[in-house]
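Residue numbering restarts at 1 for every chain, and letters A, B, ... go by the order of the sequence lines. All values reported here derive from a predicted model rather than from experimental measurement.
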Amino acid sequence: MEPLLSKLEAPVKEAFKKAGYDESYAKVTLSNRPDLCEYQCNGALSAAKQYHKAPFMIADDVVKNLDKAYFSKAEVVKPGFINLDVSEEGLALFINEMKKSERFGVETPEDASRGKVIIDYGGANVAKPLHVGHLRSAVIGESIKRIASYLGYDIVGDVHLGDWGLQIGLIITELKARHPELVYFDDSYTGEYPEEAPFTMSDLEEIYPYANAYSKEHEDYKKQAQENTRLLQEGKPGYLAIWKHVIDVSVADLKRIYDSLDVHFELWKKESDAQKYIPDMVKYLKDNGYAHEDQGALVVDVQEETDTKTIPPCMILKSNGATLYNTTDLATMIERRKLFDPARIIYVVDKRQELYFTQVFRCARKTKILDEKVKLNFVGFGTMNGKDNKPFKTRDGGVLRLEALIKDVKDKVLEKMQDRDMETADREATADRIALAAIKYGDLSNQPVKDYIFDIDRFTSFEGNTGPYILYTMVRIKSLMEKAAAEGIDVDALSGMDIKATGNAQEKSVYLTLVKWIETIPASFEEFAPNRICQFLYELCENYNGFYHDNKILTNDDSSQKMTWLALSLFVLKVLDQGIDLLGLKAPDRM
RNA sequence: GUCUGCGUAGCUCAGCUGGAUAGAGCACUCGCCUCCUAAGCGAGGGGUCGGAGGUUCGAAUCCUCUCGUAGACGCCA
């Protein structure tokens with residue numbers, strides 16, 4: 001559907017033309033003075049210079065030539081503002097069309113049919129527990145993916161696990177130190193390795209940090225770990241078996257936690273999957289003269305003339321011949337091209353990696369690993385900080401595990417639910433949803449690039465611009481619908497029912513908010529800004545709650561008004577429900 | 001040192017393709033349940049939009065400089 005804003009702009013453009021002015025001045029925007037009008041056009045002010053005419057006169061000409069079919073008000077104010085109100089009938093018509101349209105009128109962008117969109121997010125590593133640092137990538141990536149999918153893009157979310165680095169070497173080294181008797185370390189062993197891993201996830205969670213810390217203090221140990229990493233990468237069978245165990249144990253655990261966050265990946269690819277593409281890629285880069293040796297390393301220059309700063313070359317191989325992050329990322333592009341032939345790849349990564357991705361993107365283009373048609377996007381996000389505005393840490397200074405964070409928030413929610421009369425199972429399930437809403441909404445309501453402060457009290461508060469507030473509004477409407485159904489009203493039929501505006505100001509302001517859905521959703525994808533959706537949902541809830549508070553809906557004596565308001569309430573619920581789904585939240589039935 | 005992001009109410013943030021009195025939420029003060037979930041609604045106080053110049057009829061918004069802050073700057077990811 002054409003957004004209301006551009007629908008309203010059309011007659012204004014026409015009026016500018018008719019009055020003899022350039023129609024490019026006819027920009028209609030939301031009013032910044034809601035007390036005066038709903039929409040405004042300031043074009044007369046900017047046109048004044050070109051036409052050497054008082055803005056007021058221009059505005060007056062325009063309004064005289066304006067087709068006022070859509071407007072209940074079109075007036076010229078002081079220097080030359082054109083203040084506009086939409087007619088209620090027009091608005092109700094628009095809402096009814098939205099109700100009937102797929103996606104409530106949101107259109108699929110043109111480029112959605114160009115091919116798959118791969119979204120690389122999550123950022124998990126095997127053998128390391130998910131910690132709060134992984135939260136943003138998961139939450140933001142999941143939301144962007146859901147928005148893209150809703151808009152009609154063919155999406156593939158890839159967790160892209162880190163499974164091929166030093167962390168495995170460290171685990172092998174430590175495991176060997178503790179249990180040298182294991183078959184994996186017996187070089188003469190030729191049989192099958194056990195299916196069962198010799199460790200659990202909680203073992204790994206202890207082994208890895210220990211080995212990591214120990215390697216920083218002991219040079220020999222670190223060398224051993226590096227050597228073991230190399231042996232693994234060369235394919236030493238015993239080490240490959242351990243690596244396989246680590247992956248199995250970790251992935252099961254990661255899936256469990258991502259599930260609890262309602263974050264799901266279509267693809268569980270790993271860094272190691274890209275390794276097989278590296279030798280050919282390196283050869284290709286050398287043969288075609290893209291890569292050259294510099295200080296012993298193999299690099300591709302990516303500096304461009306227009307750069308205001310120096311961009312270091314993209315390193316393909318270290319001086320010792322080893323691969324690194326960039327190498328794997330480029331090889332992953334090759335793999336993705338082969339498997340999916342994507343139209344676009346979106347990386348949802350910590351913003352501190354921006355320069356690396358600039359290098360990698362440029363390198364991929366320059367070397368034609370990806371052709372120019374493939375769009376590459378970097379969505380950099382800021383850090384989640386504690387109340388001291390420093391990166392989030394536990395009280396003793398360690399990294400907080402994501403699971404612990406989720407549990408803390410849930411406990412807080414349960415505490416607040418104490419006086420609610422609910423069955424235990426319901427209480428638990430409801431608390432899970434509220435806790436998740438608190439965490440995710442707290443994150444997503446900020447612009448991704450910004451750092452934000454995680455404040456458990458604020459996020460779990462049911463007041464203000466929080467996830468729980470949105471859920472509460474929905475629960476209220478759900479309960480209203482239940483009561484309506486109990487009264488014998490056919491609730492399902494309400495969605496097909498046309499709304500007839502009743503002249504209520506609060507009702508109108510709900511309409512005026514609903515209408516923004518059509519522009520908000522595509523914008524939130526284009527700008528990679530789920531916060532735009534949060535803002536929309538909050539505004540809708542605020543308006544609806546105001547309306548709800550001051551008006552009797554179900555207990556209304558005027559049956560036509562009652563039905564329209566019930567239909568409106570149900571529509572608001574549906575829009576909210578779709579909106580929170582795009583954020584990755586679910587509403588409970590009661591709370 | 002170079003480059004990038006950010007600096008708006010006590011706190012957390014919107015607004016930034018220039019326009020009419022700079023908006024929310026939290027916190028604070030006050031009011032509203034015989035009435036569909038008061039986990040709600042409403043009212044109030046609170047601002048040199050970091051600072052200084054400039055462009056413009058008009059600047060939180062654009063340009064320059066400056067201060068503060070976070071980060072990046074080839075063999076980590």
For a quick check of understanding: with a heavy-atom distance under 4.0 Å over all strands, which category does [X] fall into, base, sugar-phosphate or nothing?
{"X": "A:N125", "value": "nothing"}
{"X": "A:D307", "value": "nothing"}
{"X": "A:L166", "value": "nothing"}
{"X": "A:E271", "value": "sugar-phosphate"}
{"X": "A:S46", "value": "base"}
{"X": "A:Q359", "value": "nothing"}
{"X": "A:D301", "value": "nothing"}

> Using a distance-only test with no angle check, is there a side-chain donor-acceptor pair under 3.5 angstrom linking A:Q50 and A:D22?
Replying inline: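 Short answer, no.
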Does the side chain of [X] reach to within under 4.5 Å of the side chain of [Y], using non-hydrogen atoms?
{"X": "A:Q359", "Y": "A:P312", "value": "yes"}
{"X": "A:D589", "Y": "A:V475", "value": "no"}
{"X": "A:T29", "Y": "A:Q40", "value": "yes"}

Between [X] and [Y], does the ring centre distance come in under 6.0 Å?
{"X": "A:Y441", "Y": "A:F459", "answer": "no"}
{"X": "A:Y347", "Y": "A:F361", "answer": "yes"}
{"X": "A:F462", "Y": "A:Y472", "answer": "no"}

[atom1] atoms of [N] and [M], separation to the nearest Å:
{"N": "B:rU8", "M": "B:rG50", "atom1": "C1'", "value": "10 Å"}
{"N": "B:rU12", "M": "B:rC57", "atom1": "P", "value": "39 Å"}
{"N": "B:rU66", "M": "B:rA24", "atom1": "C1'", "value": "31 Å"}
{"N": "B:rG18", "M": "B:rG40", "atom1": "P", "value": "38 Å"}
{"N": "B:rC41", "M": "B:rC33", "atom1": "C1'", "value": "11 Å"}
{"N": "B:rA27", "M": "B:rG68", "atom1": "C1'", "value": "26 Å"}
{"N": "B:rC65", "M": "B:rU55", "atom1": "C1'", "value": "15 Å"}
{"N": "B:rA9", "M": "B:rA60", "atom1": "C1'", "value": "14 Å"}

Any side-chain N or O of [X] less than 4.0 Å from the OP1 or OP2 oxygen of [N]?
{"X": "A:Q447", "N": "B:rA14", "value": "yes"}
{"X": "A:N545", "N": "B:rC41", "value": "yes"}
{"X": "A:N32", "N": "B:rA20", "value": "yes"}

> If each of A:K27 and A:K390 is mapped to the nucleotide of RNA chain B with the nearest heavy atom, which maps nearer the 5' terminus, i.e. the 5' end?
Replying inline: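 Result of the comparison: A:K27.
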>> By nearest heavy atom, map A:L45 and A:R532 onto RNA chain B; which one lands nearer the 5' end?
In response: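 This one resolves to A:R532.
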>> For nucleotides 5-10 of chain B, give me one character per nucleotide, 5' to 3': B if any protein heavy atom sits under 4.0 Å from the base, S if the only such contacts are to the sugar-phosphate, - if neither.
In response: -SS---
> With the sugar-phosphate defined as primed atoms, P, OP1 and OP2, and the base as all remaining atoms, what B/S/- string results for nucleotides 26-39 of chain B, 5' to 3', for protein heavy atoms under 4.0 Å?
Replying inline: SS--------BBSB
Search all heavy atoms of [X] against all heavy atoms of [Y] and return the closest pair with its distance.
{"X": "A:K562", "Y": "A:I553", "result": "CG-O, 3.4 Å"}
{"X": "A:L317", "Y": "A:A297", "result": "O-CB, 3.3 Å"}
{"X": "A:F536", "Y": "A:T520", "result": "CB-CG2, 3.9 Å"}

>> If the test is side chain to side chain donor-acceptor pair (under 3.5 Å), which one of A:K269, A:R336, A:K270 qualifies with A:D158?
In response: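 For A:D158, the side chain to side chain donor-acceptor pair (under 3.5 Å) check succeeds only for A:R336.
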Measuring from the side chain of [X] (C-beta onward, heavy atoms only), which nucleotide among [options] has the closest atom?
{"X": "A:R352", "options": "B:rG74, B:rA72, B:rC41", "result": "B:rA72"}
{"X": "A:K49", "options": "B:rU56, B:rC75, B:rG19", "result": "B:rU56"}
{"X": "A:K318", "options": "B:rC76, B:rA20, B:rG74", "result": "B:rC76"}
{"X": "A:D451", "options": "B:rA70, B:rA72, B:rC75", "result": "B:rA70"}

>> I want to verify the glycosidic state of B:rC63; is it syn or anti under the 90° rule?
In response: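 What B:rC63 shows is an anti base, its glycosidic angle lying more than 90° from 0.
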>> How many whole angstroms separate atom CD of A:Q303 from atom P of B:rU2?
In response: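 Computing the A:Q303:CD to B:rU2:P distance gives 17 Å.
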> Can you check whether A:Y538 stacks with the B:rA24 base, using ring centres under 5.5 Å and planes within 30°?
Replying inline: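 Base of B:rA24: not stacked against A:Y538.
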> Checking only heavy atoms, does the side chain of A:Q40 share a donor-acceptor pair with the base of B:rA20 at less than 3.5 Å?
Replying inline: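 Between B:rA20 and A:Q40, which were checked side chain against base, a qualifying N/O pair under 3.5 Å is present.
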